Structures are given as C-alpha cells and as structure tokens.
Amino acid sequence: MARRIRMIGTSSGNNGCPTLYEDLDTGDVLVQGDAVTDPDDIEQLRNVKEGEGFVTVPRILLADWAPREAERVPQMVSLEEFDGMFETFEHAAWRLETRRAYRSDQQTGTYQRFTRGEPADYDMDDPWCVSRREQAALGKRIERVRVVDTPPTAGQLYLLDGARRNAAVGEDIRNLWRADADRLRLPVEDFWIFDSRVVALLHFDDADDLTGVELITDPVRVVRYCQARDAAWHHAIPHAKFAARVASAG
C-alpha cells in the first residue's frame with residue numbers, strides 16, 4: 001500500500017529538488033535531494049546499512065521547513081545490544097551510579113563473600129574483565145562516578161572494594177558523597193554516556209533489578225547529561241583517596 005505523502009516545503013522554487021515531504025500516517029520525513037554516490041564520500045559516513053542512500057540538501061531547507069516538534073517514543077534496546085555498545089564505542093564511555101544497591105551485585109558470590117567479611121576473590125579473567133582490558137588496550141577511556149551515602153550502604157561498600165578490580169582492567173573510578181551530588185543537582189538516575197553522543201539511561205525496579213535500557217540521542221538531552229558528567233567528574237574524589245577516607249571513618 002502506497003504511503004500518503006504531503007509536501008512540506010522546498011527551497012528550489014518549481015524546479016524540483018531539494019524538497020521535504022511528510023508521511024501523513026507515521027509523521028516520518030522524506031528528503032529529496034541530489035544523490036551522494038562518490039565512494040570516498042560514503043566511506044566517511046557511519047553505520048551504513050545495505051539499501052540506505054544519501055542525498056545532499058541545503059541547510060536553509062532544513063532551517064525553514066524541518067518539523068520543530070516531535071512526540072518522542074522511548075527507544076529501548078535489549079541487554080544484549082547494550083552489552084555490545086561496550087565493544088563498539090570509539091573513545092569514551094562514562095557512567096554515573098546513583099543507587100544504594102544493585103540486585104545484580106547481590107546475586108554474585110563475590111558479594112556474598114564480601115558481606116561475610118571474607119576476601120571477595122574477584123576473577124580477573126572472567127569475560128567482563130577480558131573485555132574491559134581489550135578496550136583499554138585500544139586507548140579507550142572507561143570512567144565512572146559513584147555516589148555514596150553517609151554512612152555507605154553495604155552495596156556501596158562492596159563497589160568501593162570492587163573498584164580495585166575495575167582499576168586493574170583499565171577503568172578510572174571516582175566517588176562523590178550524595179550530599180555533594182544533591183548540591184550539584186546531578187541526575188538521580190543511572191546512565192552511561194558513549195562518545196559524548198548517545199546516552200544509555202538505565203531503568204531499575206524497586207527490587208534494584210535492571211529492567212531496561214533507553215537510548216537517548218536527542219542532542220539537547222545528551223548535552224545536559226554531558227554537563228552533569230563534567231560537574232560530577234570535576235568534584236568527585238579518586239577512588240584510592242576516597243576509600244582511605246571511608247576506612248578511617250569506619
């Protein structure tokens with residue numbers, strides 16, 4: 001069945017392309033312009049799928065006629081797709097951890113041993129550690145800021161201990177007291193930022209289980225999360241120094 005298409009506007013008078021059209025049923029925008037066919041040009045484009053094509057249009061066409069409003073439907077990805085992002089990011093992955101506990105931690109043997117007062121005995125050759133070492137060896141940065149309560153919860157103390165493992169495989173971990181995070185008005189949700197371009201917002205339930213991952217690519221929203229990252233990273237305390245303060249207070 002053919003689409004129902006309406007012309008939105010053009011910057012070419014009556015002489016054809018370039019033009020924008022709207023699918024009246026889905027709201028999608030169709031772009032008409034001169035085809036990009038030079039292989040050297042196409043080679044510079046990212047994430048090109050089979051069957052995709054490219055056109056060139058004047059910037060003024062988008063400024064004058066591109067729709068300004070959109071109803072954003074959350075873009076959810078599977079946990080498998082999310083895991084794959086840690087292999088495909090190009091230069092930097094950064095996380096803010098704000099929760100007091102994570103169910104995935106509590107279900108591990110290392111957590112059980114730690115809470116019994118025994119050495120956690122982390123397996124430095126498990127797939128997670130191997131992957132992180134591989135990415136670090138490529139020169140990529142993986143960084144986190146973890147928000148900690150006063151006094152720290154059992155889950156936060158476990159992560160503070162486990163940061164030694166993160167550091168050993170190439171991650172840089174810093175910590176921030178919750179009072180400081182609140183003063184800085186940091187987001188209350190957990191998220192990853194990949195290459196300052198896409199945010200993976202982590203959704204949890206009341207039992208501290210990860211229930212979904214939402215991708216955010218809207219530039220305005222991404223910039224806000226990047227601003228939070230910069231503030232958190234500036235004020236956070238490097239792991240070794242923070243751990244020493246917690247130990248001396250405990």
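None of these values were measured; they are calculated from a predicted model.
Grouping the Ile, Leu, Val, Met, Phe, Trp and Tyr side chains by contacts below 4.5 angstrom, directly or via other members, places L184 with V199. Residues L201 and V198 fall into different hydrophobic clusters, defined by Ile, Leu, Val, Met, Phe, Trp and Tyr side chains chained together at heavy-atom separations under 4.5 Å. In the hydrophobic clustering of this structure, F89 does not group with V223; members are Ile, Leu, Val, Met, Phe, Trp, Tyr whose side-chain heavy atoms approach within less than 4.5 Å, directly or through other members.
A salt bridge links E90 to R46: one of the charged nitrogens lies within less than 4.0 Å of a carboxylate oxygen. A salt bridge links R133 to D125: at least one charged side-chain nitrogen sits closer than 4.0 Å to a carboxylate oxygen. The existence of a salt bridge linking D105 and R99 is excluded, since no basic side-chain nitrogen approaches an acidic carboxylate oxygen closer than 4.0 Å. Note on D25 versus R3: no salt bridge recorded, every NZ/NE/NH1/NH2 to OD/OE distance being 4.0 Å or above.
The aromatic rings of F194 and W192 lie parallel to each other, their planes meeting at an angle below 30°, with 60° marking the opposite boundary. The aromatic rings of F242 and W177 sit tilted relative to each other, their planes meeting at an angle between 30° and 60°. Ring geometry, F204 versus Y102: the interplanar angle exceeds 60°, so the pair is classed perpendicular (tilted spans 30 to 60°).
Under a cutoff of 6.0 Å and an axis angle of 45°, R141 and W94 do not form a cation-pi pair.
Checked by atom type and distance alone, the side chain of R146 pairs as donor or acceptor with a backbone atom of L159 at under 3.5 Å. With hydrogens and angles disregarded, a donor-acceptor distance shorter than 3.5 Å links the side chain of R164 to the backbone of D161.
In this structure, I8 shares a hydrophobic cluster with L20, V29, V31, V55, V57, L61, L62, W65, the cluster being traced through Ile, Leu, Val, Met, Phe, Trp and Tyr side chains under 4.5 angstrom apart.
Scanning for ring pair (Phe, Tyr, Trp, His ring centres under 6.0 Å) contacts around Y122 gives an empty result, with sequence neighbours left out.
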